[in-house]
Amino acid sequence: MTSKSATEFTEQDIAAMRLAIDASEQALTRGDMPFGATLVSPSGEVLMVEMNNQNTAQDCTGHAEMVLMRRAQRELGLEAMRGATVYASGEPCAMCCGAMFWSGVGRVVYAASTAQIGEALGGPLLPLRAASVVEGASPTVKINGPLLADEAKAILRKFRG
């Protein structure tokens, strides 16, 4: 578990997070929850970007990270995810953390924290922090964030109108 200040994130981190945040806005526009995620290879290549599809796919597990992990395994295979980084517009829930762990993701960077998501959206909240879910995991999964939280929160607030 690691927490980084904004000055410790790289330009690559910021660019990948902006893709996730852009995807969150696209999800909102099409009628889904405002969350997006970006998968970046260990060498720094953006592999894919996905968004929440809970409403449009009528799938309660259609969180952006889950959609991303399913598509990446199907199209790229598990080997492509080993050691990769996922950038999530919101701190991943326990379900998504588990999927990323089993996919071999080595690092997760989030924008808005669980508490910030709760403040912006209201409603049901599973207050388990991502770092708590993967604490003691082997292999380890590094959790970094928040990064660009204000940008992510601005889109989250649009959901409530």
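For the numbers below, each heavy atom of this structure counts, side chains included, while hydrogens, waters and symmetry mates do not.
Taken to the nearest 0.5 Å, the CG atom of L76 stands 8.0 Å off from the CZ atom of R71. The CD atom of E65 sits 8.5 Å away from atom CG of N52, with the distance rounded to the nearest 0.5 Å. From T61, atom OG1 reaches atom CG of N53 across 8.0 Å, with rounding to the nearest 0.5 Å. Rounding to the nearest 0.5 Å places CG of L126 at 6.5 Å from SG of C93. Atom-to-atom distance recorded for M95:CE and M66:CE is 5.0 Å, nearest 0.5 angstrom. Atom OH of Y110 and atom CG of L148 lie 13.0 Å apart (nearest 0.5 Å).
Nearest heavy-atom pair, S113 versus R129, reported as atom, atom and distance to 0.1 Å: CB-NH2, 4.1 Å. Nearest heavy-atom pair across A72 and L39 is CB-CD2, 3.6 Å. Pairing each heavy atom of P146 with each of A111, the nearest pair is CB-O, 2.8 Å. In plain terms, the two heavy atoms of A23 and V49 that are nearest each other are CB-CG1, 3.7 Å. The nearest pair of heavy atoms linking P92 to A130 is O-CB, 3.8 Å. When all heavy atoms of I143 and A131 are compared, the pair lying nearest together is CG1-CA, 3.9 Å.
Taking 4.5 Å as the limit, every side-chain heavy atom of R18 sits out of range of all side-chain heavy atoms of T38. With a 4.5 Å cut-off on side-chain heavy atoms, K158 and P34 do not count as touching. Side-chain contact between L47 and E75: absent, with no pair of heavy atoms (C-beta onward) separated by less than 4.5 Å. Two residues are said to be in side-chain contact when any heavy atoms from C-beta on lie closer than 4.5 Å; L19 and Y87 fail this criterion. Side-chain contact between C97 and V141 is absent, with no heavy-atom pair separated by less than 4.5 Å. For the pair M33 and L121, the minimum side-chain heavy-atom distance is below 4.5 Å. Looking at T56 and R30, their side chains come closer than 4.5 Å, going by heavy atoms from C-beta outward.
With hydrogens and angles ignored, the 3.5 Å screen pairs no side-chain donor or acceptor of S103 with any backbone N or O of V105. Formation of a donor-acceptor pair under 3.5 Å by the D13 side chain with backbone atoms of T10 is found in this model. Judged purely by atom type and a 3.5 angstrom limit, N144 has no side-chain atom pairing as donor or acceptor with the backbone of R107. Checked by atom type and distance alone, the side chain of S89 pairs as donor or acceptor with a backbone atom of G36 at under 3.5 Å. A donor-acceptor pair under 3.5 Å is formed between the side chain of Q54 and the backbone N or O of C60. Counting only distance, with no hydrogens or angles, the side chain of N55 and the backbone of G31 share a donor-acceptor pair below 3.5 Å.
Under the 4.5 Å side-chain heavy-atom criterion for Ile, Leu, Val, Met, Phe, Trp and Tyr, L156 and M51 are members of distinct hydrophobic clusters. Both I155 and V109 belong to a single network of hydrophobic side chains, linked directly or stepwise wherever heavy atoms of I, L, V, M, F, W or Y lie under 4.5 Å apart. Two different hydrophobic clusters hold L28 and V67 under the rule that ILVMFWY side chains link at heavy-atom gaps under 4.5 Å.
Within 6.0 Å of the CD atom in E11, the count of heavy atoms belonging to other residues, nucleotides or ligands does not exceed 12.
In this model, a donor atom of one side chain and an acceptor atom of the other lie less than 3.5 Å apart for T114 and E91.
Here E119 does not pair with K153 in a salt bridge; the nearest charged N to carboxylate O distance is not below 4.0 Å.
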